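Let me begin by presenting the structure, written as structure tokens, before commenting on it.
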Amino acid sequence: MKSYAICDCDNFFASCERVFAPSLHDKPVVILSNNDGCIIARSSEAKALGIAMGTPLYQIKDFLEKNDVAVFSSNYTLYGDMSRRVMSLLSKYSPVFWQYSIDEMFLDLTGIASGNDLLSYCKSLRKTVTQGTGIPITIGIAPTKTLAKAASKFGKKYKGFKGVCMIDDETKRIKALKMLNVSDVWGIGRRTNKKLDYFGIKTAWDFTQKSEKWIQKEFTVTGLKTWKELQGVDCINVDELPEKKSICTSRSFADQGLADLSQIEEALTNFTAECSRKLRSQHSCCKMLTVFAYTSRFRDDVPQASIYKTIELPVPSNDRQELTGYVMKTLRAEWKAGTYLYKKAGIIVWEMTPDNAIQSDLLDTVDRDKQAALAKTIDAINLKNGQDAVHLAIQGHDKSWFLKCEHKSKQFTTNLKDIIHVK
DNA sequence: TCTGGGGTCCTAGGACCC
DNA sequence: TCTGGGGTCCTAGGACCC
């Protein structure tokens, strides 16, 4: 039998902020999305106040003030760095691990220990992470990943588990399934839950009592995988080091949005720069590229428009200048006459190939070696002097379209000038 | 007035071919 | 002009995750 552990940071973004603001230890904390738009993370105290995920800030601004809630703009540099510290500690506890998200990691603990020994192993792991980083975590252990996720739900909900919950025999499995709402099962979302509700399926246990055939018919292969995993059959496999199949860089624009082509051009050029950097960092080139821009779906008082155009590159690339050229050409070709307030835009790249295996085109006139050398040099300069110290002219420098973030904490861990002073 | 960003996987349906 | 079915490939969009 397999043993998987899911290690999940508690209220990750809020916990990161609290590491550097200890006075907020028992206080409600919320984190805002880009543009300070809506709530994307909450401390347990904030959850207890009934603040829902995704609530627009303007709707609850007064409520936050009244309840003395600490408010932060998102600081992804800080969260990314804290995540790296946590993941590095976790990965020392098993040769087989898989980082599932910024704040979660699966460990394959098969054969490392079992029963009470496995429990102690994970308790010591939890202590190491909390002491080493200041971030509290919860660990769920079970023979399948879906059951491990369920175990971590219980670990978070019931304090008696002290952050480590294990489902390792039939009695515990059945008990857990009967206590678990089917909507809380990993892989069951809102829509599926609605359908399940219609069939009178309330708990994970109810779900597992249906026949395999029926599940397959109503919920396709995805539902069937979840069904099997809940029975204890390990069938969700993951790559240990997954290469991304697509990379997306997109943003919403502040306030009403942007109307001018030149502003969207500037924004998209910056997104392209970021996207090409992500491509180069995983040593990939992309063959396909999508450019998109939308007006706000929440507004019916202004005209709506959307641009969504995919192109195929003659030769796969990860070069900023070259990709920018394609993006500009596509945007200008798709630009719609009339005045529209674009609220969001971005680019997606996919169909990746390794950057050392590019099949060049006979008609390709670009000197690929020269291009790669230039990109490498610019990346090195920017690493040393700050992102986009060297940039394309069209990227602009006033960044008028750029993000609103009025409550941002400092880069405590990644910028020397923001380091904490000890008196 | 203000409402996130970045992923994966699956399927329905259109285009095309025989 | 009428008449059919089956296969593949592609893509937009849905559903889910954090």
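All values reported here derive from a predicted model rather than from experimental measurement.
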Seminar exercise, completed: Against the side chain of R299(A), the closest entry in dC17(C), dT1(B), dG5(B) is dT1(B)
Problem set entry | Separation of dC10(B) P from R191(A) CZ (nearest whole Å) | 19 Å
Exercise. Once you round it to whole Å, what is the distance between P of dA12(C) and CD1 of I348(A)?
Worked result: 10 Å
Exercise. If you look at every strand shown and take non-hydrogen atoms under 4.0 Å, does S296(A) touch a base, only sugar-phosphate, or nothing?
Worked result: nothing
Exercise. Can you tell me the Watson-Crick or wobble partner of dC10(C), both distances under 3.5 angstrom?
Worked result: dG13(B)
For this session: Check whether any side-chain nitrogen or oxygen of S74(A) sits under 4.0 Å from OP1 or OP2 of dG4(B), and answer yes or no.
Result: no
Seminar exercise, completed: Assert: residue with more 5' nearest nucleotide on DNA chain B, out of S33(A) and Q216(A), is S33(A)
Exercise. K47(A) and N11(A): side-chain donor and acceptor closer than 3.5 Å?
Worked result: yes
For this session: Classify the angle between the aromatic ring planes of Y294(A) and Y308(A) as parallel (below 30°), tilted (30 to 60°) or perpendicular (above 60°).
Result: parallel
Problem set entry | Distance test, side-chain N/O of K195(A) to OP1/OP2 of dA15(C), below 4.0 Å | no
Exercise. For I247(A), which contact category applies under a 4.0 Å heavy-atom criterion: base, sugar-phosphate, or nothing?
Worked result: sugar-phosphate
Exercise. So does T249(A) get a side-chain nitrogen or oxygen closer than 4.0 Å to the phosphate oxygens (OP1/OP2) of dG5(B)?
Worked result: no
Exercise. Touch check for E104(A), heavy atoms < 4.0 angstrom, all strands: base, sugar-phosphate only, or nothing?
Worked result: sugar-phosphate
Exercise. With respect to the side chain of K278(A), which nucleotide from dC18(C), dA15(C), dG6(B) is positioned closest?
Worked result: dG6(B)
Exercise. Would one find a side-chain N or O of T310(A) under 4.0 angstrom from OP1 or OP2 of dT11(C)?
Worked result: no
For this session: Specify the separation, in whole Å, of atom CD of E218(A) and atom P of dA15(C).
Result: 15 Å
For this session: Describe the nucleic acid contact of V302(A) in one word from base, sugar-phosphate, nothing, applying a heavy-atom distance below 4.0 Å.
Result: nothing
Problem set entry | Nearest-neighbour nucleotide for the C38(A) side chain, dC10(B), dG4(B), dG5(B) considered | dG4(B)
Exercise. How about W335(A) and Y340(A): are their ring centroids closer than 6.0 Å?
Worked result: no
Exercise. Would you call K245(A) and E351(A) a salt bridge, taking side-chain N to carboxylate O under 4.0 Å as the test?
Worked result: no
Exercise. Any side-chain N or O of K245(A) less than 4.0 Å from the OP1 or OP2 oxygen of dC9(B)?
Worked result: yes
Exercise. Among dC2(B), dG6(B), dG5(B), which nucleotide sits nearest the side chain of C248(A)?
Worked result: dG6(B)
Exercise. Y79(A) has an atom OH; how far is it from atom P of dC18(C), in whole Å?
Worked result: 19 Å
Exercise. When the P atoms of dC18(C) and dC2(B) are considered, how many whole Å apart are they?
Worked result: 30 Å
Exercise. Between E17(A) and S409(A), does any side-chain donor sit less than 3.5 Å from a side-chain acceptor?
Worked result: yes
Exercise. So does K225(A) get a side-chain nitrogen or oxygen closer than 4.0 Å to the phosphate oxygens (OP1/OP2) of dC9(B)?
Worked result: no
Exercise. So, is T220(A) close to the dT11(B) phosphate, meaning a side-chain N or O under 4.0 Å from OP1 or OP2?
Worked result: yes
Problem set entry | Between P of dC2(B) and CG of D300(A), the distance in whole Å | 11 Å
Exercise. Counting any heavy atom closer than 4.0 Å, what does D36(A) reach on the DNA or RNA strands: base, sugar-phosphate only, or nothing?
Worked result: nothing
Exercise. Roughly, in whole Å, what's the span from NZ in K344(A) to C1' in dG5(B)?
Worked result: 6 Å
Exercise. Of the nucleotides dC2(B), dC9(B), dA15(C), which one has an atom closest to the side chain of Y58(A)?
Worked result: dC2(B)
For this session: On the 0 to 90° scale, with breaks at 30° and 60°, tag the F106(A)-W98(A) ring pair as parallel, tilted or perpendicular.
Result: parallel
Exercise. Starting at CZ of F219(A) and ending at P of dC16(C), how long is that distance when rounded to a whole Å?
Worked result: 10 Å
For this session: Could you tell me whether Y100(A) contacts a base, only the sugar-phosphate backbone, or nothing, with contacts defined as non-hydrogen atoms closer than 4.0 Å?
Result: sugar-phosphate
For this session: Rounded off to whole Å, could you give me the CH2-to-C1' distance for the W350(A) and dC9(B) pair?
Result: 15 Å
For this session: Taking only the side-chain heavy atoms of W186(A) (C-beta and beyond), determine which of dC9(B), dG6(B), dC18(C) contains the nearest atom.
Result: dC18(C)
Problem set entry | Among dG5(B), dG4(B), dA12(C), the one nearest Y308(A) by side-chain distance | dA12(C)
Problem set entry | Basic-acidic side-chain contact under 4.0 Å: E334(A), K329(A) | no
Problem set entry | T222(A) vs L57(A), nearer the 5' end of DNA chain B by closest nucleotide | L57(A)
